[in-house]
Structure formats: structure tokens, C-alpha cells
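Only heavy atoms go into these numbers, but all of them, side chains included; no hydrogens, no water, no symmetry mates. By convention in this document, chain letters (A, B, ...) are assigned in the order of the sequence lines, proteins followed by strands, and residues within each chain are numbered from 1. Every value quoted in this text rests on a predicted model; they were computed, and no experiment measured them.
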Amino acid sequence: GDSVTQMEGPVTLSEEAFLTINCTYTATGYPSLFWYVQYPGEGLQLLLKATKADDKGSNKGFEATYRKETTSFHLEKGSVQVSDSAVYFCALSVYGNKLVFGAGTILRVKS
Amino acid sequence: DSGVTQTPKHLITATGQRVTLRCSPRSGDLSVYWYQQSLDQGLQFLIHYYNGEERAKGNILERFSAQQFPDLHSELNLSSLELGDSALYFCASSVEPAGEQFFGPGTRLTVL
């Protein structure tokens, strides 16, 4: 079946450090890929998405590139802020009926 | 604010009881999805409705059921509750089945 594997956390970084959160997937069809963010006590917000190979999704300084050859969609940010502290979820959707999520990665940014 | 509303925000109940969670999608969205977030299982898809009809089922227990009403709001009914049903239940909506999903703030269910 379809699945998403993302790196375990928590990831602890200092402000202005470079962030990478790894995500790989297995899918029976041709998936769309997503990164969602969950701030404490809130629901999930879509951070960025990519719908086909080599697409780059970007938003708020975050980027991820859809790599079909390595079945990956790693999240990166050049300079993190304390306000980026949250849980990040990688997800895929194949037929538009549901999202399949990874386990989530906790990011903590220290000032 | 995503425009998706869920009530109640918190629910505390006892084992064996039945509860109903309510979701109002964004204006104009025809699709409603339910997800369960728990510490041991993570975020899991439960069920998808589109314009009143069930479109897909995920890991939803037989004790759970859902429906989408003509005004497009949806309810998730959980019965014969067990301790393991304690979780955050999220609703999401989209304009169409393949569209971007917008999530509500969730209902935190605690079963004692």
C-alpha cells in the first residue's frame, strides 16, 4: 500500500540554522506530495505541495522538490526562526480521496 | 483560520458511551474528510464524503459511522467507546475530491 516515511525527531536547531527534514514515499500510482505543518493546539496547515516529478513547491522560505527517481520530497529551509517550531508532516495523495501521512517530525528552534 | 469549523473542541466521556463530532466545511466545499490523530497510530484517514455520498473508507472501525447532510455539514459518530479511541479527530474539506484539503482545529476526545 501507499506509505510515507519521514525522519524521526525531535530536530533541535539554533535560529538561522539550515533545516532539512527527509521524506520518502511508496505509492501504487502517481502521487501528489505535500508538506503540512501543525502548530501547538492547532489543526494542520498546508505548507507546500508538488504534483509532478521535478516540481518544486515553496512557501514562507520552505522548499521541497518532487524526486521521482529517489521517491523523495525532502523539506528544506535556509534559515529557521523560533516561530518555525512546530510538527511537520509529509503526505501523499494518489487518487484524491485521502491523504497518507508520515509520522511527523517535531522541530524545535532555539533563540 | 481555515474556514472549517469543528465542535466540540474538547469531549470527555466514559467507556461504553456514544458521542457525535460535528464538522462544517468551508463555504462551497463539497468534500469532507475525517482523520484520527493518536500517539500510537499517527494521522490516519477514516472516511471521505462528497456531496452527501460516501466516496472512500480508510481504517474506520465498525463502531464508528459518519454521514454528510444536505447542507454539507458532516457528523462522525463513535459508539461503544474504548480507552484506545482517545485521540484528536480532524475534519478537512475541499472543493472537489482531488482538491487541496483544508483542516479544522480538531476535536480532542478523551475516554476515561
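Rounded to the nearest 0.5 angstrom, Ser94(B) OG and Leu99(A) CG are separated by 9.0 Å. Remark: Lys98(A) NZ to Gln44(B) CD distance equals 9.0 Å, nearest 0.5 Å.
Other residues, nucleotides and ligands contribute over 12 non-hydrogen atoms within 6.0 Å of the CD atom of Glu42(A). Applying the 6.0 Å contact sphere to CZ of Arg26(B) captures more than 12 heavy atoms from other residues, nucleotides or ligands. In the displayed structure, Gln81(A) atom CD is contacted under 6.0 Å by more than 12 heavy atoms of other residues, nucleotides or ligands. When the shell of 6.0 Å around CG of Leu39(B) is examined, it contains 12 or fewer heavy atoms from other residues, nucleotides or ligands.
Heavy-atom distances place the side chain of Glu100(B), and not its backbone, under 4.5 Å from chain A. Looking at Tyr36(A), the atoms closer than 4.5 Å to chain B (heavy atoms on both sides) all sit in the side chain, from C-beta outward.
Annotation for Gln38(A) and Phe90(B): closest pair NE2-CZ, 3.4 Å, computed over non-hydrogen atoms. Nearest heavy atom pair, residue Gln37(B) against residue Phe89(A), reads NE2-CZ, 3.4 Å.
Scanning residues 49-86 of chain B against chain A with a 4.5 Å non-hydrogen threshold yields Arg55(B), Ala56(B), sorted by number.
Between Val100(A) and Leu43(B) the shortest side-chain heavy-atom distance does not fall below 4.5 Å. Side chains of Phe102(B) and Leu44(A) form no contact here, defined as non-hydrogen atoms less than 4.5 Å apart.
In terms of hydrophobic clustering, with Ile, Leu, Val, Met, Phe, Trp and Tyr side chains grouped at heavy-atom distances under 4.5 Å, Val87(A) and Met7(A) are assigned to different clusters.
Here the two rings, on Phe101(A) and Phe45(B), have centers that are 6.0 Å apart or farther.
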